[in-house]
Each structure stands twice: as structure tokens, then as C-alpha cells.
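Each remark here refers to the structure printed beneath this line.
In the text below, chain A, chain B and the rest are named by the order of the sequence lines, each starting its count at 1.
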Amino acid sequence: MGTVWDNPKIRGFAFFVGGFLCLAAAAVLVLSFSGKWGDEKPKHVAGPALHFSMDDSADNVSDTASTETGENKKEEHWVLYITGAVKRPGVYRLPPGSRVYQLVDQAGGLTPEAVPEAFNMAAPLADGMHIHVPDKTEAAEPSPEKSFKTPYTFGSDALAGGTVDNELIDINRADVKTLEKLPGIGPKTAEAIIRYRDQEGPFRCVEDLLSVKGIGPAKLEAIRDQVRVSR
Amino acid sequence: MPASIACATGFLVVLFLVFSGTTSPPPGFAGEVFVITGVLLLFFLSSIVRLEATRPDDGSRKLDATGTIVTERAWGKRRVVVVKTAEGTFLCKLPATKVFREGDQATITGKLHFFKPRLSSDGFDEDTYWRTRGVLGVVSLVEISKCGFSAFGFPAWRSFLKERILLRLPKLTRAYVLAAWLGKRDPDLADLHRQWGTSHLLAISGLHVGIVALGLKRIFRRGVLVPSFFMWAYVMIAGGAASAIRAALMFQLAFAGNLLGRPVRAVNAVPAAAVLILFWRPWWFWDLGWRLSVVAAMVLGSLAGTRNNRFLWTAPVLVWYMTGAFIARAFEEVPLVGLIMNIFAVPFFSVFLPVLSVVGLPVLAGVPGASFAVYIAEGMLRFYHYCAQSIAMVIPFKASVEFFHVEAVAAILLFVILKACGMKGWRPVLAAICAAVFGGVLL
């Protein structure tokens, strides 16, 4: 006498139910442990950014600079260069998070020829920056040639919106419309950059853009020369 | 997710696939299930162990080594070279002005870094991308200098062919031949095909390897070793992309099956090849090329493998939708024109790429008067471009990522596979619904 198991339809159905239960168990495991992929502490400490330098046309310069950055981080200070209408122009070391007025103080303060309203004394600095304080002549007749040669010069409109610094767009501060000015960046990618920034914190270097959805190596290289990262 | 849980999840999914596809267990079913699940469990374990293996120190040390440049390519505005040394294979990013050839011997002195871990689940993961290609880390260069040329090996052959192709063939012909023979994409041509939704034609895929394998099988009807040797030589010269290796493994299985008198079906060969690639380097799982290749081959193989091929006409639509789901996640949108273009482009290039290779060979070999045929082919390519551009102008629309649903992709994939396995009635539909729900849970 045949059992229920001998019925091929029932047997086939039982197999399917067994398969379904396996899949359900797999789904329970995924649901129970999802979101825990990144809970473990990272095993690797990220090294210094390879190409943090704004002018990375020469790799060797960039690499040397990146090594220095690593050392500076250990010593917890930024290396900054100030020129123009200050009493003691030169290279200074300041703690991370410093602003322009602190660098001006270090340089002995403004000279009588300086035009304080021509630049933003409250603007945040970043490691390796070059600040040029314009005097009365420069403020009256800004030289485009000079401003392009000194990418961190604070001219009359530099850092006015906190985003554009002599054609360089600060990806840590720029809004959607500013980001859309970059080649290959549409509204969606611009929103993705801002979303990433909000969720993960400020970008540490230009290469971090690779973590943004929609930005691959080709797009990064296309915009690399037009962006900067403020701290 | 802990490794043990990931293994258990994979094991349970395999059991689901086995049981949902079983209507009446054949003799020895339990033993077969035990072997299949056991082998796959070992595969999961080995993959996870290798993926989680820690790398030494914090990933920064001095490197002073000599090696062979095995890959040289554009990387945005720069160029990159992959140098194979006795200490491992490393990546060097160079300014566009630095010129090296594949096959060059180079001395590199610099600081070796491992790639930075990806900060979010989205975006491009440089670490995974290069580790799939066997690269261990990136060298920030102090100095790189050429110290010779290795005249033997695939890199040297690639350099030799590249030089000849660039110097002797007209513009469009050389771009297509470079892509088909060496897997090198001309940026302008790549842009055009991206607009037309036919980028896959420039990647070495099953189409290219299939043409070579079937051509070789026609020439060497009885043997297996000789066609296999030349097929793998082509795959290596073409750069060894995931899609090419997957296709070559499939044809290798087919060759072996023919030899043993056991014909291999695509629906079995594709997953076997996909798993073998992952067993070699588990990082391929995150490679867009591997994913597109496996999904497209699985759909095509399943549709072509059904007893009556009445649903074969749906292949271009299904392949477009299912690969589009992956492309849209990476590039945000997929051109709608690809849906139509592929219907014409795939058959056209299936015929035209071998023709282009045949007429191009004498020119590359320096046969006098042979360039006449190449210029005819160049004219045909220009005409094709004109037609493709016209169609693309008529259909400028693009589908965004919202148009593609992972649940639909999972359901369609399992449905076509189960249908190809000969399943009828409610079973494939119900299994597809289960896959859709699971796909939704997983992602």
C-alpha cells in the first residue's frame, strides 16, 4: 500500500516547501545581521592621501607633500604661507581648524597698506594654504594673472560664499548649483555629493569623491583640477 | 555580517535552489545534494577567508623593485601602469606625459600604500577594482625608470600588436580592432557607444570569445588542445577581462563535454564558469563586468536553452533590463536607445568583427595593396555610426535607477533559469516570487 510520500505531486510540493523554508531561514539571517557589515572596527588605518595637493601636475611633488602631511598630522599643526600686506610674510605653523585672522596675527598683523575689507578674515584655513593679503593697489586693480598663479590668494570675492576660491570649488561647502558647474556633474550627482557629505562627514581629500555614487576614476580626473577640500 | 552567518546564508540559498527545482528526486539524490552543497560550502568558506585576510601592517612601506609592466592604460587624465615584481603586483599612477609600454622592464622606487578602504557602500571601490586584477597596492612614486624590454609573454605581444594597429589602420577600424583584439577602448568610441547603449560591444565578452572559439573549432574539428590553447591565448592577449574568462571557461567546458560525449548546456556552464572565476579571485563578485557578463549570459543561455525557443525574441529586452539594473546603479542612467540598438548592433558586429579582423590582418602584416579592403570596412563603419547616431537622436531618453527593480531582476532571472531546466506550472512562478522577496530583503 502506497504512502502519501509516493504521490509525486505531494512529494514535489514538499520539496518546494522545504526549499521555501531554506530561503526564509536565509532571509531571517540576512535581516538579523544586516547593517552589521560595517560594525567591526576597520582593520586598516588609512594612509595619507596620495594626491591631496591642489596642484598635482607633478606626482613627485604631490607624494612628498603627502608624506609631510602625515607627519604634520602627527604633530597636530598646519603649515601655512602668508604673503602681501602683512608685517612678517612667511611660513607659519598653526593648529588645525585655524582661521585667516589667526594667521594674520602670527604674521605680525596687517600693514597700513592692507585692505581688510578686501578679504574674509574669518575664512577657515586648510593645511598647505597660501594666503595673499591684498594692499590698496591690488584691491583697486586686481590682476587676473596673479590671482590664477596664486590659487589661495584671498581677493575681493575670494571665499565670499565659502565655496569658490579662484575657480576651485570647495566640495565640503559647495551647494548643488555650485557643484553642477563641474564637468560631468549633474543635479543627481551633486545631490549625491552633498548627501554623502552629510552622512559621512567632510571629505578628507579629493579622492574621497570616489566613494560617492556616480563618480568613477574618469569623472574624478575630469574635475580634480577644479575642486579643493577645506578642513 | 560574520563570516559564519554569510556561509550559512549562502548554504541555505543553494538548498532553496536545489529543492525548489526538484519535482521527483532521482536515485542518489541525497548524495548529489550532499556533494553540491558541500563543495559550495567549501567555496563560500575559502572566499570569505581570503576576502577577510588582513594585510600586513598599516599598509605603508618602502618599495624598491624591478618588474615587468603588464598593463598600461589611461586613468582619467593620467595613466596607470601595473608592474609585476617578485614582491607582488603593484599599481603606479603617472602623469599623462610619462610613456611606458606593456612589456617594458621598469625599476620602481617609492612608497607602497594599500588602497584606502571604501567609506560607503556606494561609489567606486578602488581597492576591489584593482584586487580583482591581482594588484596588491599603489606605489606613490619617487622614481620609475625603464631598464629593458621583455620580448616574450603576453604584455610584449600586446605592445607589438597595439603599435601595428595604431600605425597601420584607419581611425574607426583601429578603434574597433584595438577593442576586439586587445580590450583597449578608444575614449571617443567608448563615448559614442555609451550614448547608444552598446558599450558591451567594446568589452571582450562572450560574443568575441564565441567568435574565436567557434572559428577555431571549425578549423580544428577533432582536437581540443589546440583550439583551447589559441582561445586562451586570445583571452590573455585581450587583457583577461572577467567576461572573457567567463566565456572561455564556458567554451572549455563545452569542448570537454564534447570530448566526453556529454553536451554541456549554457544554463549549467554559465554558473559553473562564474563560480570558478570567484574561486580564483573572490573580488570579482563586485566587478561590474563580471556581474553584467554573468547575468546577460545566464538570461541568453536560459532563453536559448528552452525546448521551444518561442520566447527568444524577448532576449534583447530582458538583457537590457537586467543589465540596466546594474549599469544604472553605477552610472545613474541607461540610454533607452540601447533597447533598439542592440537588436541591430549585436548581429551586425557578430559578422563584422570577424570580417574586420580578416581584412585587417594582411595590412598589419604589411601585405602590399591589402589596405583597399580595410578602407571599404572603414566606410561601412562610418555608415553604421551615421545610422546609430541618427537613431540615438530620435530616442534621446534615458531610464534612471528608479526604473530598475532588484526584485524584478531576481524574479526574472530565476524564472528563466527554472523554465530552461524544463519546469512547468506554478513552480517557476512561485520560486520567482520567493526570489523577488528575498532580493528585496537582501538589498
Side-chain angles (χ1 to χ4, degrees), chain A residues 8 11-12 15-27 29-34 36-38 42-51 57-60 62-64 66-67 70 186 188-189 192 196 199-200 207-222 224-225, chain B residues 1-2 5-6 8-25 54-55 58-60 74-78 93-95 110-111 113-114 116-126 138 140-143 329-333 400 427 430-431 434-435 437-438 441-442:
Chain A
R11 205 165 45 193
F15 268 111
F16 190 87
V17 170
F20 174 78
L21 290 175
C22 288
L23 191 68
L29 286 180
V30 172
L31 280 173
S32 306
F33 290 90
S34 64
K36 297 196 175 177
W37 293 94
K43 289 174 179 144
H44 319 295
V45 178
L50 294 179
H51 303 291
S57 56
D59 269 24
N60 293 346
S62 165
D63 295 333
T64 313
S66 63
T67 312
K188 282 189 179 171
T189 310
Y196 177 89
Q199 288 169 359
E200 306 286 340
E207 278 75 15
D208 281 354
L209 280 170
L210 286 171
S211 301
V212 176
K213 191 179 174 184
I215 299 183
K219 202 171 274 187
L220 174 67
E221 293 302 332
R224 183 190 286 280
D225 298 339
Chain B
M1 182 183 277
I5 301 298
T9 307
F11 181 72
L12 288 167
V13 171
V14 171
L15 283 181
F16 161 70
L17 292 171
V18 171
F19 288 146
S20 65
T22 304
T23 48
S24 180
T54 50
R55 287 173 290 185
D58 64 350
S60 180
W75 192 254
K77 285 180 184 173
R78 300 168 175 223
K93 293 181 180 175
L94 305 171
K111 198 168 184 180
H113 305 270
F114 292 119
K116 285 197 304 177
R118 183 165 53 168
L119 297 173
S120 73
S121 57
D122 290 328
F124 179 75
D125 186 0
E126 204 172 12
V138 60
S140 53
L141 290 178
V142 176
E143 194 180 327
R329 277 177 73 86
F331 300 105
E332 291 195 344
E333 52 192 18
S400 64
R427 190 179 283 265
L430 214 55
C434 291
V437 173
F438 186 72
V441 168
L442 199 62

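Rounded to the nearest 0.5 Å, atoms CG (A:L29) and OG1 (B:T9) are 4.5 Å apart.
For B:L430, the parts sitting under 4.5 Å from any heavy atom of chain A are the backbone and the side chain alike. Contacts of A:L220 with chain B are absent, with no heavy-atom separation under 4.5 Å from either backbone or side chain. Both the backbone and the side chain of B:A8 come within contact range of chain A, each with at least one heavy atom under 4.5 Å from a heavy atom of that chain.
Taking the six-membered ring for Trp and thresholds of 30 and 60 degrees, B:F19 and A:F15 have ring planes inclined between 30 and 60 degrees apart.
For B:S400 against A:K188, the heavy-atom pair with the smallest separation is CB-NZ, 3.4 Å. Between B:L12 and A:A26, the shortest heavy-atom distance links the atoms CD1-N, 3.7 Å.
Put simply, of B:C434, B:A74, B:G10, the one with the most heavy-atom pairs under 4.5 Å next to chain A is B:C434.
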